[in-house]
Amino acid sequence: MKTCNCLSFLIWTCMIHEIPTLLSPKRTSMYLQAERIMGLSKDQGKAMHRTKRGWMWNQFFLLEEYTGPDTQYVGKLHTDQDKGDGNLKYILTGDGAGSLFIIDENTGDIHAAKRLDREEKSLYVLRAKAIDRNTGRQVEPESEFIIKIHDINDNEPKFTKDIYIANVPEKSGVGTSVIQVTATDADDANYGNSAKIVYSILQGQPYFSVDPETGIIKTALPDMSRENREQYQVVIQAKDMGGQMGGLSGTTMVNITLTDVNDNPPRFPQSTYQFSSLESAPLGTSLGRIKANDPDVGENAAIEYSIAAGDGSDMFDIITDKDTQEGILTVKKQLDFEKKNLYNLKVEATNTHPDPRFFYLGPFKDSALVKVYVEDVDEPPVFNIPSNLIEVDEDVREGSIIGQVIAQDPDATRNLIK
Ligand SMILES: *[C@@H]1O[C@H](CO)[C@@H](O)[C@H](O)[C@H]1NC(C)=O
């Protein structure tokens with residue numbers, strides 16, 4: 001305790017009752033007395049709640065956002081020199097003196113004239129002195145003290161975004177981090193729980209969870225499939241007072257999209273396809289398209305078609321249309337109905353970007369049987385001599401046999417020479 005002859009301030013709180021030995025400011029000539037703290041009235045303050053703020057020198061505490069009927073009582077300036085005869089005058093200067101903080105110059109009582117917002121200004125520095133009205137002399141030298149504005153929970157947690165957008169791969173393991181959401185609270189983080197935020201999930205279970213402390217959103221179900229459901233709208237709440245009842249809260253929305261992984265092999269919808277081609281079809285002629293289905297997207301659905309086996313592997317080609325992921329069957333060698341009129345091909349569709357993690361779901365290819373029927377064409381007869389030049393005498397008689405040509409029809413019997 002300061003015992004020098006300079007002005008000392010003493011505030012006593014309810015702790016007065018607990019530490020009576022501190023209560024003998026014999027040599028203290030002037031002190032401040034905070035009779036009402038944390039919004040309790042004078043009468044309540046004695047009987048009820050004891051503030052555990054501790055013993056503080058030169059500080060007053062004042063409740064922010066006080067909405068009681070009267071002006072809020074801050075405390076009292078007092079000096080031993082005050083005989084109660086009205087001879088002394090208390091003077092207050094500094095932050096807000098005369099406007100926010102009004103002193104009764106006779107009694108030394110200080111009141112707050114307005115509502116104060118801690119989030120605007122949390123600390124006021126003031127100076128006090130006492131002068132003799134008759135002589136105008138200071139009976140106490142000026143001394144500084146502080147009024148601290150005490151926090152109440154008047155700010156709800158606010159998220160940094162109204163809506164968050166996030167992605168997570170489908171089939172991610174339980175507990176995979178998706179995104180972190182953050183809420184802030186303007187109340188005093190160093191006092192009480194007014195700024196202590198706890199996160200909870202209001203919508204989005206059982207698919208997702210949120211860490212109550214960090215606001216990290218994680219997957220909560222194994223094997224979530226994009227092909228089953230792609231979009232989730234999750235609602236997260238941040239509540240202060242450590243999440244207790246009576247806390248203030250704010251919410252935010254998180255749009256989560258499952259991204260694709262290659263967890264689906266291509267599959268032909270039918271086991272057999274049939275095509276036909278004129279035997280005369282020029283090389284490169286397209287005979288038709290086949291398509292294996294793959295529910296994945298992008299490169300995870302990319303397919304390469306090939307002829308794996310069959311009696312026509314050298315006669316046909318299959319090429320892949322990269323835009324539609326279809327296989328196009330084309331003629332590679334000249335067909336001949338008379339030589340072979342039906343081919344059987346084993347065609348394969350293979351994923352080009354398989355993911356080893358999902359090989360247990362494989363194989364990531366499929367095959368189908370493709371039958372190609374070759375159709376006959378009415379071909380011109382073929383003469384057995386290249387040029388039918390027969391020399392005839394000019395005087396030959398009508399009806400005479402002048403020679404013989406032999407023609408063969410390469411077509412089958414139904415295309416007889418007429
Ligand atoms: C979030 O998801 C909802 C519902 O699916 C949708 O209506 C909204 O447009 C999405 N918002 C954004 C920014 O993507």
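Whatever order the structure lists them in is the order used to number ligands and atoms, beginning at 1. Everything numeric in this text was worked out from a predicted model, so none of it was measured.
- Relative orientation of the Tyr273 and Phe268 rings is perpendicular, given thresholds of 30° and 60° on the angle between their planes.
- Remark: Asp162 CG is loosely packed, at most 12 non-hydrogen atoms of other residues, nucleotides or ligands lying under 6.0 Å away.
- Distance from atom 13 (C) of ligand 1 to its nearest protein heavy atom, with residue and atom name: Ile165 CD1, 3.6 Å.
- Put simply, atom 9 (O) of ligand 1 has no protein non-hydrogen atoms near it, under 4.0 Å away.
- Among protein heavy atoms, the minimum distance from atom 3 (C) of ligand 1 is reached at Gln233 NE2, 3.2 Å.
- Between Leu335 and Ser277, some side-chain heavy-atom pair lies under the 4.5 Å cut-off.
- Nearest non-hydrogen protein atom to atom 12 (C) of ligand 1 is Asn255 ND2, 3.3 Å.
- Salt-bridge check for Glu156 with Lys158: passed, with a basic side-chain N closer than 4.0 Å to an acidic carboxylate O.
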